[in-house]
Amino acid sequence: MAETRSPVRVRYAPSPTGALHLGGARTALFNYLFARQQNGQFLLRIEDTDRARLKPGSQASIEEGLGWLGMTWDEPPVVQSERKAAYQQAAQVLLESGAAYRCFCTPQRLEQMRAEQRARHEPERYDRRCRAIPREESDRRAAAGEGFVVRQAIPLEGSTVFHDLVMGTVTFRNDTLDDHVLLKSDGFPTYHLAFAVDDHETRISHVIRGDGWLPSAPKHLLLFQAFHWLPPAFAHVPLVLGPDKKPLAKRHGAKDVLEYRDAGYLPEAVDNFIAFLGWSPGTEEDILTIEQLIAKFSLEKIQTSPAIANLERLEWLNGQLIRRLPADELAARLAPKLPEASVEDLKPLMPLVQERLRTLNEAPEMLRFFFRDPDPVPVEQLTPKGKDPAAATTALDRAASTLRDLPDWTAEGIEPALRELAEHLGWSARDLFMVLRVAITGRTVTPPLIESMARLGKDRVLARLERAGSALAERSG
RNA sequence: GCCCCCAUCGUCUAGCGGCUAGGACACGGCCCUUUCAAGGCCGGAACGGCGGUUCGAUUCCGCCUGGGGGUACCA
């Protein structure tokens, strides 16, 4: 087993070309969990060397997403576009040692070369023409202002073998590797160069990244060797796919984790969900706190095949986690979604809704009747099947007088009185309760009726019964 | 085309030579019940195919098939 750096330092290195999506968040989370577990550091690096694809605001939104999910980074983010000089200097070192060379080929020539390779069914790779240019000539042409890129000189023979913490031992024959570009003609590095320089300088111990990078990993290793640097350990984690087995992208519902926040998901639920995508603790536990995730996480248990995101499970998890929240905490998280109510108003109501919520966003509809009269009264739903409106009007009326005279305004007092009334009327309790439910809440699906009435208060209940009664009488009469 | 990775219920997974192949989501049924949930119980549902190795393969090896990724002066 190769020597690895210590202490543990890992990084999440997004390129600011869009929002933080679930797959990116998962990669970040794996890094984060590993860092916390190993008492190491979690860093953020902004890979913005592709000037053409930058999206303004992207960095801020990625940082906001990570923050929402509770991932905090331990040092200010490294921003690659601010480190151009360091990469150029590194490229110079490689040029001098012969591990890299200038390439003066034009895009046209490269395109033609590839077309010919395609026609011959050969792998499309740079044909290394400029690798044969003597140093003096190369220096002279560069000094004369001729445009060039710097390419890595891959060894012609042998194989590059490394042990990936997730994938196991991986072998690449060097003669299948391309002399890819390290430094572009605009002076910016490509990913490969910037990666090596930055991970070395920030003393990254473990590179945990998407397995899209696996094919370039041998080149990265060769780069570290060329610099005589100790390479980090690698852990390539498989992608997260959408239900159509395509990589998570725009068309799969939310492309930004912040959309889950806005849709009423708990960050704990999203963390749990992505942690269990392609990873499991090896036990039958299926919901863990962030502390437990940190304690139990292990790179070796990451699945080697891609995982398909099952958003139904996220919803279920959200409901489970909502139920585990202390009632006061739930009220606090709900308050922003219900501007008409204060946290204090909400607290006593939590027992009525906590076990029926799957997302926070379902709460407003469920609770609104505590703060506003139903408007308009849904008259058409006031008459149960098999009954007529006149009977419903009578039921409403009788319920109002029964309740008006009720000395004990508690659930324990209200329920027997109403059941007795139903019997007098020759109605099922079910039908009577539904009429009252609609009259009082304006909806057919609500928190438990009796408890809701007890908390609403006698005055408001009576007012709504009377209002519904007259609306119904007016409609049918 | 070439290179690399992967393969257990629909989905997420447990399994690391001998198991009635376990759990969870989703689905169906029943119970509970004033609606809706939640909860409880029960049920259907998987080792991609073919060859090896072995007393014995889900498990080890090879091939095929299938899926994914890479193959840019993108990350």
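Convention: sequence-line order gives letters A, B, ...; per-chain numbering from 1.
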Candidate nucleotides [options], ranked by approach to the side chain of [X] - the nearest:
| X | options | value |
| --- | --- | --- |
| E355(A) | U35(B), A7(B), A37(B) | A37(B) |
| L214(A) | G1(B), U35(B), C5(B) | C5(B) |
| S305(A) | A7(B), A75(B), U35(B) | A7(B) |
| E124(A) | G1(B), C73(B), A24(B) | G1(B) |
| R53(A) | A75(B), U13(B), C3(B) | A75(B) |
| R430(A) | G68(B), C4(B), U35(B) | U35(B) |
| T49(A) | A75(B), A24(B), A26(B) | A75(B) |
| W316(A) | C74(B), A24(B), U13(B) | A24(B) |
| R114(A) | C4(B), C73(B), C2(B) | C73(B) |
| L110(A) | U13(B), C73(B), U35(B) | C73(B) |

Would you say R323(A) has more than 12 foreign heavy atoms packed within less than 6.0 Å of its CZ? yes
Return whichever of R120(A) or E284(A) has its heavy-atom-nearest nucleotide of RNA chain B closer to the 5' end. R120(A)
Closest-nucleotide ordering on RNA chain B, the 5'-leading residue of G212(A) and Q320(A): Q320(A)
A57(B) and A38(B), which share atom name P, separated by this distance in whole Å: 45 Å
When rounded to the nearest Å, what value does the distance between P atoms of C63(B) and U59(B) take? 16 Å
For [N], take OP1 and OP2 only and decide whether either is under 4.0 Å from a side-chain N or O of [X].
| X | N | answer |
| --- | --- | --- |
| R358(A) | A26(B) | yes |
| S280(A) | A14(B) | yes |
| Q303(A) | A14(B) | yes |
| R419(A) | U34(B) | yes |

Centroid-centroid under 6.0 Å between Y191(A) and W213(A) rings: yes
Do F30(A) and W279(A) make the cut of ring centroids closer than 6.0 angstrom? no
Looking only at N and O atoms, is any donor in the side chain of R313(A) or the base of C12(B) less than 3.5 Å from an acceptor on the other one? no
